[in-house]
Amino acid sequence: MARLFIAEKPSLGRAIVAALPKPHKNNEGYIQAANGDTVTWCIGHLLEQAEPDAYDEKYKTWRLDDLPIIPSEWQLKPRKSAAKQLSVVKKLLRQFDDIIHAGDPDREGQLLVDEVFSHAKLPATKKQKIQRLLINDLNVSAVKKALSALRSNLDFVPLSVSALARSRADWLYGMNMSRAYTLLGKQAGYQGVLSVGRVQTPVLGLVVRRDREIEAFIPNPFYQLDAVIPYQGNDILARWQPSESCEPWQDEEGRVLSRKLVENVAKRIEGQPATVAESERKNSKQAPPLPYSLSTLQIDAAKRFNMSAADVLSCCQSLYEKHKVITYPRSDSRYLPNGHFKEAGSVTAAISKTASSLGEAVKSANLSLRSKAWNDAKVEAHHAIIPTGKSSSALSSYEQNVYELIARQYLMQFYPAAEYAEAKLRFDIAGGQFIAKGKQLIVHGWRALLSRDKAAQKDDIESQVPPLEKGTVLTCLRGDIKDCMTEPPRHFTEATLLQAMTGIGRFVQDASLKKILRETDGLGTEATRAGILDLLFKRSLLSREGKQIRATASGCGLIDALPEKAAYPDMTAQWERQLHDMAEKKGSYQPFMTALESELLALMGSVRQGPVPESLRSLPQSPSPFRKKKGRSFSSKKKGYQKKSASK
């Protein structure tokens with residue numbers, strides 16, 4: 001009996017068809033195999049949460065008295081841009097009895113297709129029979145293997161429930177909090193939208209707190225001491241390591257704050273014997289960095305080309321959909337399926353044609369080398385972003401830049417490790433400990449692909465830290481004192497803010513929640529981070545000053561007006577713990593949602609009864625206009641894109 005496969009996206013649909021009997025017949029929105037099996041697809045989410053006025057016309061007007069808005073029966077509506085494909089899928093669902101769910105093997109991928117089944121009002125008998133296809137490698141052999149291991153879709157109901165809870169909770173929290181604080185802002189004379197979300201607001205909080213830390217920073221002097229030890233015409237510089245008795249004169253980072261103390265040590269060591277108490281020499285290896293996930297690509301593109309996260313995502317979508325020269329870009333993985341290893345020849349050939357600047361790098365690559373990137377056990381819903389076997393000569397300058405970053409990172413997997421010579425000498429001088437260290441790149445390996453390799457040191461490690469035997473006695477000529485000043489933390493840039501979002505655990509107040517955020521995607525997902533940052537700029541809650549990202553007066557005022565927990569990532573970690581438990585059948589949907597609804601009732605009650613926060617009264621009347629960075633050829637123009645992100 002012919003089967004209907006519903007993939008999450010067209011690329012996955014094509015991969016499934018490639019594993020089915022030929023010839024294939026292409027139709028509008030679906031492809032039919034020779035045996036009658038048919039493959040159709042979603043285009044991401046075909047459905048989205050309905051707006052509040054879909055539940056009641058009165059919600060078209062924003063009023064505090066109507067909050068919180070809590071639907072008794074949730075509604076989904078077709079996304080305008082996907083309505084045509086939704087019609088195709090629904091029509092096919094009526095025609096087939098054997099249906100196979102081929103969404104991505106993660107929480108969102110499960111819900112994305114399941115919600116189409118519900119929207120199409122599939123009979124219970126059909127729903128019971130639906131099977132689940134799990135694919136994380138688009139190679140034909142891997143797809144065929146997955147086709148032979150179908151499971152019941154009922155096994156994945158908890159995963160779908162977890163995603164549903166996340167989606168509805170984000171809507172409830174974002175919709176109600178954004179309306180409440182925008183209305184408070186209007187009462188204070190502010191005419192802009194003060195959007196609030198589970199993800200966007202902690203990100204804003206990060207920037208506000210960093211800006212204030214810099215503003216309040218008072219520089220303090222501290223001092224370093226190097227023992228100058230002559231040896232064979234060169235000076236060895238060994239840094240003083242203060243003992244425990246010096247702690248009263250050190251800050252929490254171990255910096256010495258008393259110049260008098262340092263001067264005293266300098267006098268004590270002058271002309272004194274310097275005995276080698278420890279001598280260590282070793283070679284170390286540094287493996288090539290893994291291929292890119294979307295976030296790591298966005299971070300490097302921001303550093304290298306000053307591109308925004310949204311610009312990079314738009315470039316990637318074009319490289320993937322239009323030019324077909326890279327794999328699926330919205331990936332959070334940095335690993336590759338073992339099956340991809342044998343494609344290295346065709347991929348590197350395509351790199352040579354698409355990026356002539358990497359021609360020599362391709363020639364020098366050793367395609368028999370297998371880096372740690374190839375690891376089936378670490379590939380889940382998607383694999384790392386790499387070039388495909390297709391080439392193109394029609395890339396824009398921005399597309400070319402992004403493609404070359406991806407291609408270079410892929411080529412590194414076929415280069416040997418970089419090797420360093422490391423040396424360390426510990427001297428005992430007048431009872432004090434002094435350490436000289438040196439590190440020198442001796443084999444470039446994969447670092448040869450870096451055009452500006454800061455690791456390629458010109459200094460000779462032999463003169464910095466000569467090979468001395470333990471017990472060798474030299475003489476300390478003098479102590480050199482360095483006058484230093486503590487520096488404030490740096491303002492966030494696009495790159496460092498993305499790094500903070502992916503490594504958000506270190507900014508969490510509750511230590512017990514740090515582990516949860518380390519194990520999840522951090523704040524936001526690969527697919528949403530660019531949109532979240534874009535939204536904060538467009539709402540004029542963040543602004544760009546050169547490469548720096550700063551909070552605006554509106555952003556600072558909003559953070560001050562909100563309950564403290566709204567401005568920290570702890571809530572996201574608490575949600576993630578409960579959502580993970582739901583997916584593992586250790587938690588339930590209803591208690592999670594009931595607790596959130598109760599919290600919103602209390603929050604909206606305090607908003608209505610309390611005075612307008614003072615921080616909102618001091619806001620400018622209107623937000624400053626959003627200014628896109630000059631020279632960018634890409635921007636997110638998908639309908640509903642900001643609306644979807646705003647709920648977070």
Side-chain angles (χ1 to χ4, degrees), residues 181 184-185 188 190 192 194-197 199-224 247-259 261-262 302-303 482-511 513-514 517 522-523 532-533 536-537 539-573 611-621 623-624:
Y181 282 86
L184 287 178
Y190 181 72
L194 293 173
S195 61
V196 181
V199 175
Q200 62 171 283
T201 307
V203 172
L204 176 60
L206 281 181
V207 181
V208 169
R209 289 189 291 277
R210 173 66 60 86
D211 289 353
R212 287 176 174 169
E213 190 180 350
I214 294 168
E215 190 178 334
F217 182 81
I218 299 172
N220 288 308
F222 69 97
Y223 309 94
Q224 294 176 340
E247 283 184 8
W249 295 275
Q250 290 177 282
D251 64 11
E252 58 189 23
E253 294 186 34
R255 294 175 294 209
V256 179
L257 306 178
S258 168
R259 198 177 205 283
L261 171 62
V262 177
K303 290 176 180 175
K482 292 184 179 179
D483 292 280
C484 310
M485 294 293 285
T486 57
E487 294 182 352
R490 295 182 178 180
H491 286 285
F492 280 115
T493 63
E494 192 98 22
T496 58
L497 189 52
L498 282 167
Q499 284 174 322
M501 291 173 76
T502 54
I504 197 64
R506 68 183 187 275
F507 298 99
V508 169
Q509 288 182 304
D510 184 342
L513 298 174
K514 289 180 181 286
L517 284 175
L523 270 183
I532 286 163
L533 292 183
L536 289 167
F537 288 120
R539 295 280 191 237
S540 294
L541 300 173
L542 292 180
S543 66
R544 286 189 177 93
E545 294 185 21
K547 283 191 175 184
Q548 295 177 352
I549 291 176
R550 307 274 191 95
T552 63
S554 309
C556 293
L558 175 58
I559 290 298
D560 289 340
L562 286 163
E564 187 180 67
K565 70 174 291 186
Y568 283 88
D570 299 52
M571 188 177 78
T572 285
V612 174
E614 194 58 40
S615 66
L616 298 184
R617 294 186 185 278
S618 58
L619 294 184
Q621 281 203 333
S624 55

Under the side chain to side chain contact (heavy atoms under 4.5 Å, CB included) criterion, do Asp570 and Lys565 qualify, and how do the steps go?
CA-CA 7 Å; Asp570 299 52; Lys565 70 174 291 186; over 6 Å; no
Here the pair of heavy atoms bringing Ala566 nearest to Thr201 is O-CG2, 3.4 Å
Please report the interatomic distance CZ(Phe222) to CE(Met485), rounded to the nearest 0.5 Å.
9.5 Å
Is it true that a side-chain atom of Thr552 and a backbone atom of Ser540 form a donor plus acceptor pair closer than 3.5 Å?
yes
What are the two closest heavy atoms between Tyr181 and Pro563, and how far apart are they?
OH-CD, 3.4 Å
Looking at CZ of Arg539 and OG of Ser554, how far apart are the two atoms once the value is rounded to the nearest 0.5 Å?
12.0 Å
Which atoms form the tightest heavy-atom contact between Val612 and Ala188, and what is the distance?
CG1-CB, 3.9 Å
Rounded to the nearest 0.5 Å, the CG atom of Asp251 sits from the CG atom of Leu257 at a distance of 5.0 Å
Ile214 meets the side-chain contact (heavy atoms from CB on, under 4.5 Å) criterion, sequence neighbours left out, with Arg210, Pro488, Pro489, His491
So Leu616 and Tyr190, do their side chains get closer than 4.5 Å, heavy atoms only?
no
For Arg209 and Tyr568, which heavy atoms make the closest approach, and how far apart are they?
CD-OH, 3.3 Å
Which atom of Val256 lies closest to which atom of Gln250, heavy atoms considered:
CG2-CG, 4.1 Å
Under the side-chain contact (heavy atoms from CB on, under 4.5 Å) rule, collect the residues that match up with Asn220, sequence neighbours excluded.
Thr486
Using modelled atom types only, decide if a donor and an acceptor are shared between the side chain of Arg544 and the backbone of Phe537 within a distance under 3.5 Å.
no
Heavy-atom check, side chain of Leu533 versus side chain of Leu498, under 4.5 Å
yes
Indicate the atoms forming the closest heavy-atom contact of Ser615 with Ser618, along with that distance.
O-OG, 3.1 Å
Do Leu536 and Val207 come within less than 4.5 Å of each other through their side chains, counting heavy atoms only?
no
Among Leu204, Asp211, Leu206, which one satisfies side chain to side chain contact (heavy atoms under 4.5 Å, CB included) with Val208?
Leu204
Quick one: side-chain contact (heavy atoms from CB on, under 4.5 Å) partners of Ala495, sequence neighbours excluded?
Ile299, Ala302, Lys303, Thr493
Would a 4.5 Å heavy-atom cut-off, applied to side chains only, mark Ser195 and Leu541 as touching?
yes
Once you round to the nearest 0.5 Å, how far does CZ of Arg617 lie from CG of Leu184?
9.5 Å
